[in-house]
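Read the structure below first, then the notes.
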Amino acid sequence: MIFKSAKYPLATINKLLDVFGDNQAIGSDIGCNKAFNRKLLLLVNAFHRHAHNCKCQLQYHPMYLRGFGLEDLKTCEHIFASSNAAACLIRHASHFRYSQFLDLHFDQWEMDKYLELSHFIFNNYKQAVTLIDDFTKELNAYRLSFPDQAMDFKTWVTEELAYLESIASEPACDALAVDYIEALEKLNTYQ
């Protein structure tokens with residue numbers, strides 16, 4: 001069942017697929033529980049795991065998928081958060097002034113971001129080089145500490161996901177033991 005709160009992201013996703021075609025990957029808060037048949041991969045933003053569960057993160061977190069690099073998938077949130085400052089100015093404006101002010105706001109926002117683009121790309125490049133350098137040292141130290149262990153990260157993620165799926169439901173013997181203890185506690189309460 002698709003909830004009412006998902007209608008705007010779903011409409012946006014539908015438009016993106018119509019314009020850009022299949023084989024898309026999109027970051028969305030509804031990405032962990034919706035399936036689409038148009039070759040669309042819905043991902044969750046980098047902070048999602050902390051509010052949700054590890055199984056979801058292993059399947060849909062950008063850190064575990066190729067092609068996302070350092071992206072946190074919160075670009076739209078950043079854009080719309082910037083427009084919050086305009087809300088108090090246009091709250092009581094006419095529709096024309098409201099639209100005009102938002103257009104001016106986003107034109108200025110686009111110009112500012114375009115001017116900062118080279119700085120942004122350069123900083124991301126420096127961050128990526130630093131991460132590669134630091135993690136290469138860490139991986140080499142790990143290999144020295146555990147020389148017999150294979151460094152197959154994809155297999156580790158797959159194994160962890162399989163383990164989490166295997167423990168998704170409580171074993172029947174544990175459930176029975178819990179029911180038994182609860183019944184004993186009720187009996188003790190009534191005596």
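Just so it is clear, the model here is predicted, and its values are computed rather than measured. Basis for what follows: all heavy atoms, side chains included, without hydrogens, waters or symmetry-related copies.
- One finds no salt bridge joining Lys113 and Glu110 here, because no Lys/Arg side-chain nitrogen approaches an Asp/Glu carboxylate oxygen to under 4.0 Å.
- The CD1 atom of Ile121 sits 13.0 Å away from the OH atom of Tyr125 when rounded to the nearest 0.5 Å.
- Phe146 and Trp156 fall within the same hydrophobic cluster, where Ile, Leu, Val, Met, Phe, Trp and Tyr residues are linked whenever their side-chain heavy atoms come under 4.5 Å apart, directly or through other members.
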In a table with atom names and distances, give each donor-acceptor pair under 3.5 Å that connects a side chain of residues 171-191 to protein atoms at least two apart or in another chain.
residue, atom, partner, partner atom, Å
Thr189, OG1, Glu185, O, 2.8

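- Going from atom CG of Asp152 over to atom CD of Glu159 covers 8.0 Å, rounded to the nearest 0.5 Å.
- Between the CD atom in Glu116 and the CG atom in Asp112 there is a gap of 6.0 Å [rounded to 0.5 Å].
- Of the listed residues (Thr12, Asn14, Val19), just one forms a side-chain contact (heavy atoms from CB on, under 4.5 Å) with Leu16, and that residue is Thr12.
- Both Tyr64 and Tyr163 are assigned to one and the same hydrophobic cluster, defined by single-linkage of ILVMFWY side chains at heavy-atom distances under 4.5 Å.
- How far CG of Leu17 is from CD1 of Ile13: 7.5 Å, rounded to the nearest 0.5 Å.
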Let me have the donor-acceptor pairs involving side chains of residues 80-101, under 3.5 Å, with sequence neighbours excluded, atom names and distances please.
residue, atom, partner, partner atom, Å
Ser82, OG, Ile79, O, 2.5
Ser83, OG, Phe80, O, 2.7
Ser94, OG, Arg97, N, 3.3
Arg97, NH1, Gln100, OE1, 2.8
Ser99, OG, His95, O, 3.0

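- Within 6.0 Å of the CE atom in Met111, the count of heavy atoms belonging to other residues, nucleotides or ligands does not exceed 12.
- Rounding to the nearest 0.5 Å places CG of Leu131 at 10.0 Å from CG of Asn124.
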CA sep, side-chain torsions, deciding dist, call: Lys126, Phe122, side chain to side chain contact (heavy atoms under 4.5 Å, CB included): CA-CA 6 Å; Lys126 286 192 329 188; Phe122 179 67; 3.4 Å; yes
Exercise answer: donor-acceptor pairs, residues 134-143 side-chain atoms, under 3.5 Å, sequence neighbours excluded:
residue, atom, partner, partner atom, Å
Thr136, OG1, Ile132, O, 2.5
Lys137, NZ, Asp133, OD2, 3.4
Asn140, OD1, Arg143, NH1, 3.4
Asn140, ND2, Thr136, O, 3.2
Tyr142, OH, Gln149, OE1, 2.9

